[in-house]
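Encoded as structure tokens, the structure appears first; notes follow it.
Within every chain, numbering begins at 1; the chains are lettered A, B, ... in the order of the sequence lines, protein sequences first and strands thereafter. The model shown is predicted, which means the values in this text are computed figures rather than measured ones.
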There are 4 protein chains.
Amino acid sequence: MITHIEKPASKTRQRITNAALELFVAQGIAATTTRDIAAAADIAEGTIYRHFESKEALAQEIFMEGYMPFAKALVTFEQSGGTVAERLARVVEYFYGLFDTDQTRWVYLMTYQTGPQSKLPDDTPTPHRLLLKMLTESVKKGEMKGLEPKLTAQILLGIILQPADGIVYGQLQGPLSPRAGEVMQAIGKVLTP
Amino acid sequence: MITHIEKPASKTRQRITNAALELFVAQGIAATTTRDIAAAADIAEGTIYRHFESKEALAQEIFMEGYMPFAKALVTFEQSGGTVAERLARVVEYFYGLFDTDQTRWVYLMTYQTGPQSKLPDDTPTPHRLLLKMLTESVKKGEMKGLEPKLTAQILLGIILQPADGIVYGQLQGPLSPRAGEVMQAIGKVLTP
Amino acid sequence: MITHIEKPASKTRQRITNAALELFVAQGIAATTTRDIAAAADIAEGTIYRHFESKEALAQEIFMEGYMPFAKALVTFEQSGGTVAERLARVVEYFYGLFDTDQTRWVYLMTYQTGPQSKLPDDTPTPHRLLLKMLTESVKKGEMKGLEPKLTAQILLGIILQPADGIVYGQLQGPLSPRAGEVMQAIGKVLTP
Amino acid sequence: MITHIEKPASKTRQRITNAALELFVAQGIAATTTRDIAAAADIAEGTIYRHFESKEALAQEIFMEGYMPFAKALVTFEQSGGTVAERLARVVEYFYGLFDTDQTRWVYLMTYQTGPQSKLPDDTPTPHRLLLKMLTESVKKGEMKGLEPKLTAQILLGIILQPADGIVYGQLQGPLSPRAGEVMQAIGKVLTP
DNA sequence: TATGAATGAGACTTCATTCAT
DNA sequence: GATGAATGAAGTCTCATTCAT
């Protein structure tokens with residue numbers, strides 16, 4: 001007996017989300033038409049509406065699709081053992097692994113929250129915010145003297161995120177995972193009094 | 001001191017660019033209609049087209065308007081005296097000063113290049129790229145051992161840019177200029193062997 | 001016998017071309033709005049664009065629709081047997097038959113090439129040009145003495161076309177076919193030394 | 001003392017009508033914008049409206065400008081002495097002379113009546129109609145037997161007009177005046193029993 | 001008289017969405 | 001579930017015309 005916990009994620013539905021994700025990242029959500037999506041997915045335009053309420057809902061569901069496993073993982077890492085530095089290192093490694101696995105989805109995930117298209121509630125724990133929260137706690141636990149914790153957290157966030165942007169914009173060669181060590185070193189230096 | 005060689009920028013033209021800038025940043029370029037712009041500028045929709053060829057051209061001219069003084073300033077700083085670190089500090093201060101002076105324009109400037117709307121040539125020296133280039137040279141002249149220069153440059157870029165994002169997203173309190181010292185400290189630490 | 005290789009020409013598409021043809025001839029292409037066409041065809045304005053790329057493309061396709069069978073017929077007549085005069089008579093009869101069958105389309109066909117809207121290549125063998133070419137050959141084969149062939153061809157063309165114009169402008173009563181005999185007589189007289 | 005019988009026809013007014021005539025013939029009235037006209041006449045767009053009520057009025061006045069001397073001349077010829085054939089010959093010569101003098105204006109004159117833009121009353125004695133009327137009378141006075149007078153008049157009209165079209169469309173070399181003799185010969189033949 | 005900036009009605013076109021098949 | 005023709009609201013842009021200078 002089969003129990004449906006989540007939607008079946010039919011073949012067609014998959015084709016749509018895949019095509020849409022690619023186009024959304026390449027052209028932006030607003031500039032991507034349902035016709036574009038239908039053509040890329042090789043389905044009829046009307047078919048999109050058998051699987052999604054609207055283009056906007058589609059965009060949001062793609063976000064959730066990538067966001068949920070990510071959020072779960074972060075919680076796991078937060079509750080895992082070891083020192084603050086060790087846990088942070090694990091998160092960065094996981095994060096960079098995601099980037100290398102599916103760069104397109106990663107960009108979408110990190111971008112969607114920002115754009116004016118996002119109708120996410122203002123307090124949605126986006127990847128961005130989740131990371132920042134963890135960093136803020138790391139900084140606080142580190143008992144830094146003389147450094148403003150919130151600013152420091154932003155600095156650390158920049159250290160982690162910018163290399164990914166560098167790869168996306170072609171200024172740095174991928175993959176990103178092998179860079180994790182150097183990035184953690186830089187973070188270490190910043191946190192050193 | 002700035003010298004205007006260009007058009008005197010008529011009153012109406014100013015109203016249009018001001019209104020458009022605000023809306024473009026708030027809603028995104030694609031989501032901002034010419035009707036929105038006209039209403040905000042309190043002019044007729046057709047009037048936009050007596051001053052700009054198209055909505056796209058308007059978006060691009062607003063970018064150039066902000067970009068040109070910025071680019072000139074960067075060149076000046078590059079050629080100014082002092083050590084690499086001193087020059088970099090001056091740039092960051094100037095950069096943060098711009099942010100505090102007109103946050104909206106700053107966001108537009110840093111965002112425009114990225115978006116799919118941008119029809120800028122791929123090799124346009126955008127603010128992002130100009131900063132990165134300067135950082136790359138700083139890192140190289142610093143003769144870092146053991147650190148990959150390109151990665152380090154991205155890390156420094158992240159350290160500089162992310163605090164601004166933090167303020168934009170309301171996670172950090174402005175203004176940004178007073179933070180420049182701490183940011184430079186963080187950069188110093190990363191560049192320390 | 002006409003063979004259709006092209007699209008089946010859906011019901012809606014037909015409604016659009018019919019309505020557009022009528023309006024284009026009555027008001028001119030430039031003065032006919034897509035709204036006019038939609039109203040006359042009793043469809044939504046947007047529907048036009050599911051069948052035609054643009055208003056201009058619609059105008060051109062209507063032209064081609066009428067032009068192609070006409071061109072084919074002319075070729076057939078050219079290759080048919082009999083004397084030059086006999087072949088010419090056949091063409092005129094066919095031509096006048098078309099006029100009587102669908103005067104509106106006939107006017108459109110003869111007008112479209114001239115108008116500034118026509119984006120037809122300058123060497124498109126339009127009805128006008130096809131007729132002229134045939135007449136030029138007729139004149140040459142007739143070995144007229146003392147008559148400049150090109151001028152004579154134009155004169156014959158005028159003899160053939162003007163009666164149609166006369167009917168269009170209400171100065172002559174239709175139908176035109178019964179007039180073919182008298183018109184051919186006039187041509188004969190002109191060609192007589 | 002100067003008496004104004006007609007409008008002063010100022011320098012500026014002339015520039016406008018000249019520019020407009022050229023553009024109207026080249027692109028059609030509908031496709032010619034007031035901006036086009038102003039640019040070609042090297043004046044401000046608003047200036048057009050100091051001399052003409054509207055674009056439409058401008059188009060009509062240009063027509064009248066050319067039409068009035070033509071109409072007067074025709075009347076003169078009608079009342080001049082000689083046989084019907086002689087008077088007709090004089091008209092054709094005059095008509096072809098006009099063509100050679102100012103082909104652009106001639107085309108405009110002959111075209112304006114036809115186009116859907118023309119708001120001329122249906123019974124306006126246009127060049128076309130004036131010629132036709134004269135031809136009809138010629139035919140009637142000629143007491144043709146067996147030929148339907150209205151059809152014959154149209155045929156003669158075609159003989160006269162089509163060579164002009166031939167030159168306009170580049171199928172015949174100008175000037176037209178030297179062709180008048182041959183054209184009259186053709187007319188003579190058609191009118192011969 | 002001439003200017004040219006501004007207008008606003010309306011043109012063409014796009015596109016998310018619906019619905020009968 | 002899938003299709004694809006049709007919709008209609010809305011978007012960008014044009015242009016004849018007005019009016020203060």
Plane angle bin for D:Phe24 and D:Tyr108 - parallel if under 30°, tilted between 30 and 60°, otherwise perpendicular: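 It falls in the parallel class, under 30°.
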Short N/O separations, protein against nucleotides 18-21 of chain E, under 3.5 angstrom:
none

Whole angstrom value for the distance that separates [atom2] of [N] from [atom1] of [X]:
X: B:Ile16; N: F:dC13; atom1: CD1; atom2: P; answer: 13 Å
X: C:Lys55; N: F:dT14; atom1: NZ; atom2: P; answer: 15 Å
X: B:Arg35; N: F:dA9; atom1: CZ; atom2: C1'; answer: 11 Å
X: B:Asp36; N: F:dA10; atom1: CG; atom2: P; answer: 12 Å
X: A:Ile37; N: F:dG4; atom1: CD1; atom2: C1'; answer: 17 Å
X: C:Gln14; N: F:dA6; atom1: CD; atom2: C1'; answer: 18 Å
X: D:Phe52; N: F:dA16; atom1: CZ; atom2: P; answer: 15 Å
X: B:His51; N: E:dA5; atom1: NE2; atom2: P; answer: 7 Å

What pairs with [X] under side-chain contact (heavy atoms from CB on, under 4.5 Å), at least two apart in sequence or on another chain?
X: D:Glu22; answer: D:Thr104
X: D:Ala30; answer: C:Ala30
X: D:Glu45; answer: B:Arg50, D:Thr34, D:Arg35, D:Ala38

Pairing string, 5' to 3', for DNA chain E - Watson-Crick or wobble contacts under 3.5 Å, brackets [ ] where pairs cross, | to another strand: .||||||||||||||||||||
Nearest-0.5 Å distance that lies between atom CH2 in D:Trp106 and atom OG1 in D:Thr111: 8.0 Å
Pairwise distance OG1(C:Thr124) to CE(C:Met64) - rounded to 0.5 angstrom: 7.5 Å
Below 4.0 Å: OP1/OP2 of E:dC15 and any side-chain N or O of A:Thr34: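 No, A:Thr34 has no side-chain N/O under 4.0 Å of OP1/OP2 on E:dC15.
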Most 5' of D:Thr12 and C:Ala30 on DNA chain E, judged by nearest nucleotide: D:Thr12
Side chains of B:Phe63 and B:Leu120 in contact at under 4.5 Å (non-hydrogen atoms):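 Answer yes - side chains close enough.
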Shortest side-chain distance from A:Thr33, nucleotide among E:dG8, E:dC15, F:dT3: E:dC15
Minimum-distance nucleotide (side-chain atoms of C:Ser54 versus E:dT13, F:dA16, F:dT12):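 The nucleotide sitting nearest to the side chain is E:dT13.
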Sugar-phosphate only, base, or nothing, as touched by B:Ile48 at under 4.0 Å among non-hydrogen atoms: nothing
Donor-acceptor contact below 3.5 Å, side chain C:Lys55 vs main chain C:Thr32: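 It does hold such a pair.
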Earlier contact from the 5' end, DNA chain F, for C:Asp42 and A:Ala44: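 Here A:Ala44 is the residue nearer the 5' end.
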Which residues share a salt bridge (Lys or Arg N to Asp or Glu O under 4.0 Å) with C:Glu53, sequence neighbours left out: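 Salt bridge (Lys or Arg N to Asp or Glu O under 4.0 Å) check on C:Glu53 returns nothing, list empty.
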